[in-house]
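Scroll down for the structure; my scribbles are underneath it.
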Amino acid sequence: MHNPQLNRHGELTHLLSTEGLPKDILTHILDTAQTFVPLAEREVKKVPLLRGKSVFNLFFENSTRTRTTFEIAAKRLSADVFNLNINASSASKGESLLDTISNLTAMQADIFVVRHEASGAPYLIAQHVEPHIHVVNAGDGRHAHPTQGLLDMYTIRHFKKDFSNLTVAIVGDILHSRVARSDIHALTTLGAAEIRAIAPLTLLPGGLEQMGVRVFTDMEQGLKDVDVIIMLRLQNERMKGALLPSAQEYFKHYGLTREKLAYAKPDAIVMHPGPMNRGVEIDSSVADGNQAVILNQVNFGIAVRMAVMSIVAGASL
Ligand code: CP
């Protein structure tokens, strides 16, 4: 079946999901990102790879990390960056998503970075645009958050080197998490030894076992001897009805405390895509502790997003 992310030469032209991306493309993105990391230490933090190109950030949902790091990444690639203020745009007057895209295309957009509450919105845009325009998914509904998945892979590779020996636990609201899906697909393709999901039954989607994931409802069993712990935010805005008794009860059973962290390997790293609910899914002593690499994830996100935009645009060093 045709992969809508690849052009007819098999090259990445849109980034819509980590699902279905070959290992060599994932590795190429991580390797390219690695070349951009040292740029942050330079006085002039810019390369001319996207000079003359226009990147439009279209965030129909709120964001701190993703939107800002896409903007920094595009500026470091020397692109012109336009952040559409969705609340002040004509979308609020009923203009359709594709009409908005057509109008921005008439303003010579080259790359659209899109976050949308509707799963599939970036796919719709990718089908609509001309072949020289590229779409990068910055999070669509519950479906996918591929650059978060990639920066998570970058972080894991940075600290643990080799995926083939690793046991990775993803903990929390997996049911509503686009990050969990993107991480599971990327970890599987990159050859992680074991992927675990730990959550109450009400926050576990069906089909995880078919994806090769071991499912646990108990933190002591699920965290035993893991190398990497990816904590997830409780996505209250996506929950319909009461799926949990209370935040306090959730923290008691699934909140990552120092005591629960001790079930993992002593050198396990703790990750979280943010934003964090301290005292709900993670205790501050862990979030700010020496095993946490949460701010490293944010920092690596700049280089990973530089890599993605330069690769889809066909620009290389
Ligand atoms: N991780 C993440 O997507 O964070 P933001 O919602 O702040 O972009």
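When a ligand or atom number is given, it counts from 1 through the structure's own listing order.
- Here the protein heavy atom with the shortest distance to atom 2 (C) of ligand 1 is T66 OG1, 3.5 Å.
- Checking N137 against D140 by side-chain atom types alone, a donor-acceptor pair falls below 3.5 Å.
- Regarding atom 6 (O) of ligand 1, its nearest protein heavy-atom neighbour is R115 NH1, 2.9 Å.
- Compare Q148, H145, R65, Q297 by their heavy atoms: the one nearest to atom 3 (O) of ligand 1 is in H145.
- Considering backbone and side-chain N/O of G274, one or more are found under 3.5 Å from N/O of ligand 1.
- For the residue pair Q297 and H272, no side-chain donor N or O sits within less than 3.5 Å of a side-chain acceptor on the partner.
- Of the listed residues (V136, V55, I302), just one forms a side chain to side chain contact (heavy atoms under 4.5 Å, CB included) with F70, and that residue is V136.
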- Task: Before giving the answer on side-chain hydrogen bond (donor to acceptor under 3.5 Å, both in side chains), spell out for R233 and N277 the whole-Å C-alpha distance, their side-chain angles and the decisive distance to 0.1 Å.
- Result: CA-CA 7 Å; R233 181 174 70 87; N277 294 307; 5.7 Å; no
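- Taking a cut-off of under 4.0 Å to the non-hydrogen atoms of T64, the atoms of ligand 1 that pass are 5 (P), 7 (O), 8 (O).
- Members clustered with L58: L16, F56, F60, F82, L84, I86, L97, L98, I101, L104, M107, F112, V114, Y123, L124, I125, V129, I133, V135, by chain and number, using a 4.5 Å side-chain heavy-atom cutoff among hydrophobic residues.
- Listed by atom number, the atoms of ligand 1 under 4.0 Å from P273 heavy atoms are 1 (N), 2 (C).
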